Chemist: 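Handing you a structure now.
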Amino acid sequence: MANILRTPFQGASAWTREDMARDASWRYTLSEQEVGELREAVRAAQATGLALEKIDRQHFPLEKLAQRIAQLTQELASGRGFALWSGLPLDEWNVEERSMAYWGLGRYLGEPVVQNARGELFGHVTDTTGTDPQTNANSRFYHTNHAAPFHVDGADIVGLMCVRTAKAGGASLVVSSTSIYNRLLAEHPELVPLMYEPLWFDHRGERNAVTGQPYWQTSIAGWIDDKLSIMYLRNFIESAQRYEGAPQLTDDHRRLFDLIDGYAQSPELCLSMDFRPGDIQWLNNHVTLHSRTGFTDWEEPHKRRWLMRLWLNERQRERFTETYGFYGIAVDAEKSDASPAAAA
């Protein structure tokens with residue numbers, strides 16, 4: 001029987017939009033000295049001759065920034081659960097240098113994990129398919145221009161670095177999933193136990209790294225060692241109903257999902273970020289949900305919206321319970337031909 005948190009979660013991750021309006025410390029702009037140190041680290045890493053995926057902290061020396069990153073690590077793990085960094089000099093770097101700078105920062109935060117069956121450790125968020133993931137169960141939102149529902153990604157931490165913005169739209173939205181939990185507990189406590197019951201989540205054309213199945217099994221919520229964790233991807237849960245043996249969704253499940261979606265979009269909880277080139281958004285997937293609005297892209301390929309993405313696992317993984325957890329995506333050897341600069 002899963003441990004269920006039946007009192008409001010009191011941690012710093014349970015914030016509201018008004019809280020973030022009063023306290024803008026979640027925004028950080030890199031200093032000139034820190035940018036200079038990044039430039040030097042990029043040159044040092046490139047001088048090794050190693051492929052980007054082989055670069056570790058020892059190849060990417062940071063002294064001043066390492067202290068700032070340690071603070072960020074703490075903020076993500078036990079603070080508000082997100083941050084927005086600005087000030088990377090993208091205009092002076094080519095795509096390889098941009099990738100190296102971003103990768104090097106990420107290596108101080110955690111261990112990169114694959115983002116799809118191609119084995120990509122360094123992802124790109126661009127509109128390449130024109131499909132609608134709401135109707136195509138094997139499509140992924142990050143390769144379309146459609147509005148994305150609130151969700152988590154398949155790692156402890158997701159980093160998104162803005163390289164180019166869309167012609168219109170594409171706003172980044174973030175919400176505290178622990179605040180959503182508190183609202184449910186206060187207003188619909190009878191539905192909270194459902195969050196601790198395992199459901200199947202669709203891999204949407206991919207397979208689980210441990211079981212090899214086209215789905216993975218997890219509860220939406222986990223509560224262990226004073227840590228509340230939330231894993232919510234409604235369209236992945238609903239499309240997993242196509243598999244024989246999947247636990248059937250009930251009217252109460254759909255009521256729960258409607259409430260989560262409603263709270264996530266509410267003006268009291270939802271935070272919209274002005275995401276500009278050179279910005280990096282860092283998110284703890286266990287305590288935040290994120291989304292984006294739909295967008296209209298530029299006709300010229302060299303101007304189209306482009307984000308670089310990292311999925312990172314914490315080195316100490318302390319949130320998994322008997323029912324709650326995510327174990328990664330299996331790599332398909334026939335598809336593993338991606339490169340970090342693929343979207344350039």
Side-chain angles (χ1 to χ4, degrees), residues 20 26-30 38 52 69 72-73 75-76 80-90 93 95 98-116 120-128 133 140-166 169-177 232-233 264 270-295 297 304-314 326 329 338 340-344:
M20 297 302 97
W26 52 273
R27 295 180 177 270
Y28 181 70
T29 300
L30 295 167
L38 265 178
L52 181 140
I69 296 170
L72 171 62
T73 300
E75 190 62 52
L76 293 175
R80 68 176 65 89
F82 78 98
L84 182 68
W85 280 23
S86 302
L88 267 71
L90 297 192
W93 282 332
V95 64
R98 294 170 181 172
S99 301
M100 188 66 76
Y102 184 32
W103 176 269
L105 286 171
R107 293 304 280 117
Y108 279 78
L109 278 173
E111 299 293 336
V113 295
V114 299
Q115 302 180 27
N116 52 42
E120 288 182 333
L121 292 172
F122 194 105
H124 301 276
V125 181
T126 56
D127 179 14
T128 61
R140 305 287 288 276
F141 278 97
Y142 71 95
H143 281 161
T144 78
N145 68 340
H146 289 266
F150 279 93
H151 65 284
V152 299
D153 285 354
D156 297 326
I157 297 166
V158 58
L160 291 166
M161 184 172 79
C162 180
V163 180
R164 295 193 295 256
T165 57
S172 178
L173 308 175
V174 180
V175 67
S176 163
S177 54
Y232 180 69
L233 301 95
C270 181
L271 176 67
S272 178
M273 293 188 188
D274 183 22
F275 206 22
R276 311 303 302 171
D279 289 353
I280 303 178
Q281 180 188 82
W282 304 107
L283 301 168
N284 179 337
N285 280 303
H286 298 291
V287 297
T288 64
L289 306 179
H290 62 280
S291 175
R292 67 131 197 269
T293 62
F295 62 89
D297 225 338
R304 289 177 182 166
R305 185 179 187 269
W306 176 16
L307 308 181
M308 291 180 173
R309 186 173 74 175
L310 290 176
W311 281 5
L312 304 165
N313 278 345
E314 297 170 335
F326 181 82
I329 298 169

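These figures come from a predicted structure and were not determined experimentally. Only heavy atoms go into these numbers, but all of them, side chains included; no hydrogens, no water, no symmetry mates.
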Chemist: List the steps and the verdict of side-chain contact (heavy atoms from CB on, under 4.5 Å) for M161 and L90.
Modeler: CA-CA 10 Å; M161 184 172 79; L90 297 192; 4.1 Å; yes
Chemist: Counting C-beta onward and ignoring hydrogens, is there a side-chain heavy-atom pair between F275 and L307 closer than 4.5 Å?
Modeler: yes
Chemist: Out of T29, D274, D279, which residue meets the side-chain hydrogen bond (donor to acceptor under 3.5 Å, both in side chains) rule with S86?
Modeler: D279
Chemist: Could you grab the distance from atom CZ of F326 to atom CG of N285, nearest 0.5 Å is fine?
Modeler: 9.5 Å
Chemist: Say you draw a straight line from CG of L105 to CG of L88; how long is it, rounded to the nearest 0.5 Å?
Modeler: 6.5 Å
Chemist: If I compare all heavy atoms of R107 with all of P112, which pair ends up nearest, and what's the gap?
Modeler: NH1-CD, 3.3 Å
Chemist: Please step through side-chain contact (heavy atoms from CB on, under 4.5 Å) for the pair L76 and L109, ending with a clear verdict.
Modeler: CA-CA 10 Å; L76 293 175; L109 278 173; 4.2 Å; yes
Chemist: Tell me, do L312 and W282 make a side-chain contact under 4.5 Å, heavy atoms counted?
Modeler: yes
Chemist: I need the minimum non-hydrogen distance between E75 and R80, along with the two atoms involved.
Modeler: OE2-N, 2.6 Å
Chemist: Treating S176 as the side-chain partner and T288 as the backbone partner, does any N or O pair qualify as donor plus acceptor under 3.5 Å?
Modeler: no
Chemist: Who passes ring-ring contact (aromatic ring centres under 6.0 Å, His included) against Y108, sequence neighbours left out?
Modeler: none
Chemist: Is any side-chain heavy atom of V95 less than 4.5 Å from a side-chain heavy atom of W306?
Modeler: yes
Chemist: Can you name the ring-ring contact (aromatic ring centres under 6.0 Å, His included) partners of F82, sequence neighbours left out?
Modeler: W15, W26
Chemist: I need the minimum non-hydrogen distance between A264 and C270, along with the two atoms involved.
Modeler: O-CB, 3.2 Å
Chemist: Please answer whether the main-chain N or O of L52 pairs with a side-chain N or O of W103 as donor and acceptor at a distance below 3.5 Å.
Modeler: yes
Chemist: Over all heavy atoms of both residues, which pair between S172 and Q281 is shortest? Give the atoms and the distance, please.
Modeler: OG-NE2, 2.6 Å
Chemist: Any sub-3.5 Å donor-acceptor pair from Q115's side-chain atoms to R309's backbone N or O?
Modeler: yes
Chemist: I'd like to know whether L121 forms a side-chain contact (heavy atoms from CB on, under 4.5 Å) with V114, so could you lay out the CA-CA distance, the side-chain angles of the two residues, the decisive distance to 0.1 Å, and finally the verdict.
Modeler: CA-CA 5 Å; L121 292 172; V114 299; 3.8 Å; yes
Chemist: For residues 151-160, please give each side-chain donor-acceptor pair under 3.5 Å, one per line with the distance, not counting sequence neighbours.
Modeler:
{"unit_1": "H151", "atom_1": "ND1", "unit_2": "P149", "atom_2": "O", "d": "2.8"}
{"unit_1": "H151", "atom_1": "ND1", "unit_2": "H290", "atom_2": "O", "d": "3.0"}
{"unit_1": "H151", "atom_1": "NE2", "unit_2": "D153", "atom_2": "OD1", "d": "3.4"}
{"unit_1": "H151", "atom_1": "NE2", "unit_2": "H290", "atom_2": "NE2", "d": "3.2"}
{"unit_1": "D153", "atom_1": "OD2", "unit_2": "W311", "atom_2": "NE1", "d": "3.2"}
{"unit_1": "D156", "atom_1": "OD1", "unit_2": "H286", "atom_2": "NE2", "d": "2.7"}
{"unit_1": "D156", "atom_1": "OD1", "unit_2": "R317", "atom_2": "NH2", "d": "3.0"}
{"unit_1": "D156", "atom_1": "OD2", "unit_2": "E314", "atom_2": "N", "d": "2.8"}
{"unit_1": "D156", "atom_1": "OD2", "unit_2": "R317", "atom_2": "NE", "d": "3.0"}

Chemist: Which heavy atom of G87 sits nearest a heavy atom of L30, and at what distance?
Modeler: C-CD1, 4.3 Å
Chemist: What class does the angle between the rings of F122 and Y102 fall in, given that below 30° is parallel, 30 to 60° is tilted and above 60° is perpendicular?
Modeler: perpendicular
